[in-house]
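Notes to accompany the following structure.
Start at 1 and go down the list; that is how both ligands and their atoms are numbered.
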Amino acid sequence: MSEEGQAGQGGGCLFCKIASGEIPGKKVYEDANVFAFLDINPRNPGHTLVIPKKHATTIMDMGEKDVGKLFESVRYVAEAVQKGTKAEGLSIVQSNGKAAGQVVTHVHVHIIPRYLSEGPVSLEGVLGVKKMPEETIDQIASTITQNLGAAQSPQKGKDEFDF
Ligand code: AMP
Ligand code: ZN
């Protein structure tokens with residue numbers, strides 16, 4: 001998954017250029033770490049992208065704390081998008097890799113205002129539900145669990161949720 005970005009550490013990367021101001025973007029929020037701007041092809045008015053200012057291709061190329069910081073900002077901007085657009089719902093989408101539909105190879109989180117009148121477009125609608133025998137499901141769960149050993153592990157149990 002850690003294919004280079006459109007130009008390694010962001011040399012020719014479109015979103016690096018937007019974050020640095022080299023290419024204009026309709027900025028809605030910025031702090032030391034993240035930049036949020038309107039999508040140029042909005043799926044609904046207010047469709048916003050939140051990106052880390054530092055180049056990374058997928059979230060697996062970022063450390064867990066950095067992903068945490070990114071999503072703290074996503075939550076913040078999402079509330080403003082929801083209130084600002086009076087959206088009835090929000091789809092928050094983040095694609096990693098071409099197979100998942102990632103076109104721009106700089107991590108970005110879509111915040112898309114949604115409305116009941118659109119009819120709910122669920123994940124099942126996009127991919128279709130895959131029915132599998134119980135045995136296969138158990139096998140998949142166990143393969144994922146086994147691979148947790150090779151994944152960057154979170155500081156589990158140290159900080160409890162506040163809600
Ligand atoms: P993805 O398909 O998840 O990689 O999404 C990339 C998104 O970037 C698409 O929704 C595009 O419309 C959006 N995009 C591409 N170029 C620009 C740009 N110059 N400014 C704002 N959004 C852009
Ligand atoms: Zn970049």
Any N/O pair His47/ligand 1 closer than 3.5 Å =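 In this structure, His47 places no N or O atom under 3.5 Å from an N or O of ligand 1.
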
query = Please state which protein non-hydrogen atom is closest to atom 4 (O) of ligand 1 and give its distance, to 0.1 Å?
reply =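 Result: Val103 N, 2.6 Å.
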
ask   = Nearest protein heavy-atom contact for atom 12 (O) of ligand 1: which residue, which atom, what distance?
value =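 Ranked first by proximity to atom 12 (O) of ligand 1 is Asp39 OD1, 2.5 Å.
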
query = Can you tell if the side chain of His106 reaches within under 4.5 Å of the side chain of Cys16, non-hydrogen atoms only?
reply =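 Yes, at least one pair of side-chain atoms sits under 4.5 Å.
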
Side-chain heavy-atom pair Tyr29, Val50 within 4.5 angstrom cut-off =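 No, every pair of side-chain atoms sits at 4.5 Å or beyond.
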
ask   = Is the backbone N or O of Asp66 less than 3.5 Å from a side-chain atom of Glu64, with the two atoms forming a donor-acceptor pair by type?
value =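 No.
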
ask   = Under 3.5 Å, is there a donor-acceptor pair between the side chain of Asn147 and the main chain of Ile144?
value =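 No, because the side chain of Asn147 does not come within donor-acceptor range (under 3.5 Å) of the backbone of Ile144.
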
Non-hydrogen atom of [X] closer than 4.0 Å to ligand 1:
X: Gln94; answer: no
X: Gly25; answer: no
X: Lys26; answer: no

query = With a 6.0 Å cut-off on ring centres, are Phe37 and Phe15 close enough?
reply = yes

query = By atom name, which N, O or S atom belonging to His55 lies closest to the Zn ion (ligand 2)?
reply =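 Among the N, O or S atoms of His55, the one closest to the Zn ion (ligand 2) is ND1.
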
task = Give the atom name of whichever N/O/S atom in His106 sits closest to the Zn ion (ligand 2).
result = ND1

task = Determine, considering heavy atoms only, which of Val109, Leu49, Leu14 sits nearest to atom 16 (N) of ligand 1.
result =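 Among Val109, Leu49, Leu14, the closest heavy atom to atom 16 (N) of ligand 1 belongs to Leu14.
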
request  = Name the option, out of Ile23, Ile40, Thr105, Val107, that contains the heavy atom nearest to atom 20 (N) of ligand 1.
outcome  =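 Nearest heavy atom to atom 20 (N) of ligand 1 lies in Ile40.
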
query = What class does the angle between the rings of His110 and His108 fall in, given that below 30° is parallel, 30 to 60° is tilted and above 60° is perpendicular?
reply =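 Geometry flag for His108 against His110: perpendicular rings.
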
Angle in degrees, rounded to 10°, that SG of Cys13 and SG of Cys16 form at the Zn ion (ligand 2) =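 Cys16 SG and Cys13 SG form an angle of 120° at the Zn ion (ligand 2).
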
remark   = Here the pair of heavy atoms bringing His47 nearest to Arg43 is ND1-N, 3.0 Å

inquiry  = Just to be sure I read this right, does ligand 1 sit under 4.0 Å from the backbone of Ile18, its side chain, both, or neither, counting only heavy atoms?
reply    =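 It is the side chain that touches ligand 1; the backbone stays farther off.
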
